[in-house]
Amino acid sequence: MGTPARAILMPVGEPLTYRTYLRIDDLLGCQVPRSEGPVHDEMLFIVAHQAYELWFKLLAHELRGACGAMTRGDAIEACRLLERILRIVRLLAEEVPVIESMRPADFLRFRELLKPASGLQSAGFREVEFLLGREDDAALRFLGEGDPARSRLKATLRWTNLWRAFVALAERADPACAMESGRSAFLRRLYERCEPAPLYETAERLVDLDERVWLWRCHHARMAERMIGGKPGTAASIDPKYGAMGQNGVRYLDGTLSRRLYPELWAVRSALGAPGDGTAR
Ligand code: HEM
């Protein structure tokens, strides 16, 4: 049996108030600028990143919930959670203009002090990516060897992700979905008939999510370009290979824009309405 949740959450001996329940003192004690003065905009930079990390934490939680619902065969609950996930990702994109209000010259007043730290080292972001469906652990090389997040992220990769959970859900409707060839025929029928509706809606929420994550990536890349133009990213100083490939900074970010989380759900659109299959064009 684990410790009761209340004992974990409450600081011992403190009365229950807004401050103690939400650990406000701990939370508001975490914004520590590195610049002398400090430079005014470093607070914006720190708070924006920390707010993202909290949202990444919630996203991972909700993604686990959605994966669990699909694995149990509960498409209605999966769609409900995917809707919430979509709203959070929309919020993340809306935060970008707040950072864009920083002038490039002001960012340069503290940027050197951040090196070699980089967004590439965000374990929270990787966890979200892995739960969304990315199955490549190459990005883990940016985390330090002793980083405790490494083993957690490897466990997440082994567990499941939205795509594998969706395939498990589809397999309940048609066991042929276990194989990619069987799946493409099934998806084509699903998109022709829009039935079974819960499965079709789940597939479409995944496409919404793919699109919205792409929009965040795009917005983040343009924001980075506004701030640093063609300069190397801060990660160039942690991994010489990353720097030497000439793919760093904004070029790296633009390279991620060709990724699709659920390529099979995009491909089905090209297959629809092909000659001889009797569907409308
Ligand atoms: C002035 C603001 C920012 C600039 C100039 C910027 C720039 C960059 C650059 C150039 C990279 C590529 C890696 C590198 O070369 O270091 C990167 C990666 C990344 N940044 Fe930012 N960034 C900014 C703000 C943010 C914020 C607020 C977040 C929110 C957490 C964030 C999250 C990330 C993540 C997760 C990556 C890795 C993306 C991937 O691997 O696909 N960045 N950023």
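Each ligand, and each atom within it, is numbered from 1 in the order the structure gives. Positions are given from 1 along the sequence. Predicted, not measured: the structure shown is a model, and the values here were computed from it.
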Which atoms of ligand 1 are found less than 4.0 Å from any heavy atom of [X]?
X      : result
Arg126 : 37 (C), 39 (C), 40 (O)
Phe125 : 35 (C), 38 (C), 39 (C), 41 (O)
Met102 : 1 (C)
Met227 : 1 (C), 5 (C)
Gly233 : 14 (C), 15 (O), 16 (O)
Phe56  : 30 (C)
Phe45  : 1 (C), 2 (C)
Ile228 : 10 (C)

What donor-acceptor contacts under 3.5 angstrom involve side-chain atoms of residues 82-94, with partners at least two apart or in another chain?
residue: Arg84; atom: NH1; partner: Glu62; partner atom: OE1; Å: 3.2
residue: Arg84; atom: NH1; partner: Glu62; partner atom: OE2; Å: 3.1

Q) Do Trp55 and Tyr52 make the cut of ring centroids closer than 6.0 angstrom? A)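 Not close enough - the centres of the two rings lie 6.0 Å or further apart.
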Q.
Would you say the rings of Phe125 and Trp216 are close, in the sense that their centroids are separated by under 6.0 Å?
A.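 Trp216 vs Phe125: aromatic centres under 6.0 Å.
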Between [X] and ligand 1, is there a nitrogen or oxygen pair with a distance under 3.5 Å?
X      : answer
Thr256 : no
Trp216 : no
Asn248 : no
Arg259 : no

(Q) I need the Leu206 CG to Glu211 CD distance, nearest 0.5 Å. (A)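 It comes to 12.5 Å.
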Atom of [X], atom of [Y] and distance for their closest heavy-atom approach:
X      : Y      : value
Cys67  : Thr160 : CB-CG2, 3.9 Å
Ala75  : Leu169 : CB-CD2, 4.0 Å
Ala149 : Leu143 : CB-CD1, 4.5 Å

Q: Using the six-membered ring wherever Trp is involved, compare the ring planes of Phe110 and Phe45 and label them parallel, tilted or perpendicular (cut-offs 30° and 60°).
A: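 Perpendicular.
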Q.
Using heavy-atom distances only, which candidate in Ser118, Gly119, Pro116 approaches atom 36 (C) of ligand 1 most closely?
A.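 Considering heavy atoms of Ser118, Gly119, Pro116, the nearest to atom 36 (C) of ligand 1 sits in Gly119.
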Q: Measure the distances from the heavy atoms of Ala139 to every atom of ligand 1 and state whether one is below 4.0 angstrom.
A: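 For ligand 1, residue contact (heavy atoms, under 4.0 Å) with Ala139 is absent.
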Q.
Can you tell me if Glu53 contacts ligand 1 (heavy atom of the residue under 4.0 Å from the ligand)?
A.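 It does not; every heavy atom stays at 4.0 Å or beyond.
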Q. With sequence neighbours excluded, what pairs up with Arg260 under the salt bridge (Lys or Arg N to Asp or Glu O under 4.0 Å) test?
A.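 Scan of Arg260 (salt bridge (Lys or Arg N to Asp or Glu O under 4.0 Å), adjacent residues dropped) gives none.
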**Q.** ligand 1 versus Glu95: contacting region, heavy-atom distance under 4.0 Å
**A.**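 No part of Glu95 comes within reach of ligand 1.
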(Q) Hydrogens and angles aside, do Ser122 and Glu53 bring a side-chain donor and acceptor to less than 3.5 Å of each other? (A)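 The criterion, which ignores hydrogens and geometry beyond distance, is satisfied for Glu53 and Ser122.
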